[in-house]
Amino acid sequence: MKLPAKGKTRDELDQQLKLEAAKDVDWKGGKIWTLVYYAGDDVAEVLGDTFTQYLYTNGLGPTAFKSLQRFESEVIAMTADLLGAPAAGEQPGAIGNMTTGGTESILMALKSARDWARDQMPHIKQPEIVVPITAHPAFDKAAHYLSVKLVPVPIGDDLRVDLAQAEAAITDNTIMVVGSAPNYPYGTIDDIPKLASMALARGILCHVDSCLGGFFLPFMRKLGEPVPRFDFAVPGVTTISADLHKYGYSVRGTSTIMYRSGDLRRYQFHSRADWPGGLYGSPTMTGSRPGAAIAASWALMNYLGEEGYLERVKSTMDTTRKLIAGINAIPGLTVRGEPDMAVLAFGSDDFDCYALSSAMRKREWDLERLQRPKNLHLVITPNHAGVADQFLDDLREASDEVRDQPATESGEPAIYGALESVEDTSNLNDLILGFIDGLTRVDADGS
Ligand SMILES: Cc1ncc(COP(=O)(O)O)c(C=O)c1O
């Protein structure tokens, strides 16, 4: 495909954009239960306006863009406060950086851990991290990129990491123990105080992945809900990832990686002093940094304030309770374990829940499929308050439709984020890689 010789008019473009967008899932109508965290038109307006104003700015130039330096520092300071960091002025206070997403935050935490261990524990030649199997694949990816060995730990019946097996997985080469608050598949929080104390006892690091919960759990606690401790208030927790572009409701491309101390964060940075282009330093993985996303996050946090987040968390938890009660009331369906916030898995021991997701698709609901074992998945947002009743009605009807299809462990999982099931399960890694490879290819017919 070639660049068009002449540009299109704005009208032509707008028309085509509308046509293309119409092919997407109806996320604004609450038909999808993953990928999008929509918190209202007013929020979208604040984000959009700020983003437009800061469109061309670059967070790599903190002296050129003093405003961005202030915004990032304030976003980080507010996040530290939410995550139980010592009060401002107390030394050594928690500190961090904004990144482009949960994966980059996790990558940075692991990079710091690896380089810290090289410095502080030079006897370790092959560093290892101990990670629950429910933790996000970003850990696997980061471990792969950074040549760190990932040691997976099973979960128990309560869908939280098995602590005895976590303890047993720690060796002389372990540099970091990981817990999720909460994990993506089940929405359960691992026992962070126990994991952190294992790490503390050995003088190693403990990362809490709170990409999902970092901007949700603190407000739940303020609403008086029972939230287990998962943050810097827990001795031994050294780093936390918390995503602004999930329950922080900011634009895609925004997360935070937080450190208990600035000493550890130093291992995250990169510098090069002899480059002909000048002295080069960069705090995170990207070079240029999206100033618009930094500014939009700052604007949104100031727009919503504690009150705005509390309102949204309350409404989301009301919807979550309604959905849990409604799902459990449908014969044969069960919510798995005890989810700690607005993320959950449900399935059936009687009938095939993948058939249920297909039956829901006919009713225009996109339900994500979990595997090992088979379940379906909900990430509940403020946007789902208005559709929960209809969803439950359709779920009841769809369950009756597939009730005669027995539950089996065989069947077609779906590629995460693609919502499409796969038929040939003989070599899943090749299949996933082929799928990703195909995504950026334009076919002859332009599709
Ligand atoms: C618990 C958890 N950690 C990390 C990530 C990765 O975040 P991102 O997709 O922003 O890289 C996710 C994404 O869903 C998540 O749920």
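It should be emphasised that the depicted structure is a prediction, and the values quoted were computed from it without experimental measurement. One-based numbering, in listed order, for ligands and for the atoms of each.
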Test salt bridge (charged side-chain N to carboxylate O under 4.0 Å, His left out) applied to K322 and D389, step by step: CA-CA 8 Å; K322 177 190 272 192; D389 287 322; 3.2 Å; yes
Partners passing side-chain hydrogen bond (donor to acceptor under 3.5 Å, both in side chains) against N328 (at least two apart in sequence or in another chain): none
Sub-4.0 Å heavy-atom environment of ligand 1, residues by chain: G101, G102, T103, I106, H136, P182, Y184, D209, C211, L212, D243, H245, K246, Y416
Derivation of the side-chain contact (heavy atoms from CB on, under 4.5 Å) call for T319 and F391: CA-CA 11 Å; T319 312; F391 175 81; over 6 Å; no
Residue pairs fulfilling ring-ring contact (aromatic ring centres under 6.0 Å, His included) with at least one residue in residues 126-152, sequence neighbours excluded: F139-H207
Please report, to 0.1 Å, the donor-acceptor pairs under 3.5 Å made by any side chain of residues 243-253, with sequence neighbours excluded.
residue	atom	partner	partner atom	Å
D243	OD1	G102	N	3.4
D243	OD1	S255	OG	2.6
D243	OD2	G102	N	3.4
D243	OD2	K246	NZ	2.4
H245	ND1	G253	N	2.9
H245	ND1	T254	N	3.3
H245	NE2	R252	NH1	3.4
Y247	OH	I380	O	2.6
S250	OG	S297	OG	2.7
R252	NH2	L35	O	3.0
R252	NH2	H245	O	3.0

L323 side chain near W33 side chain, heavy-atom distance below 4.5 Å: yes
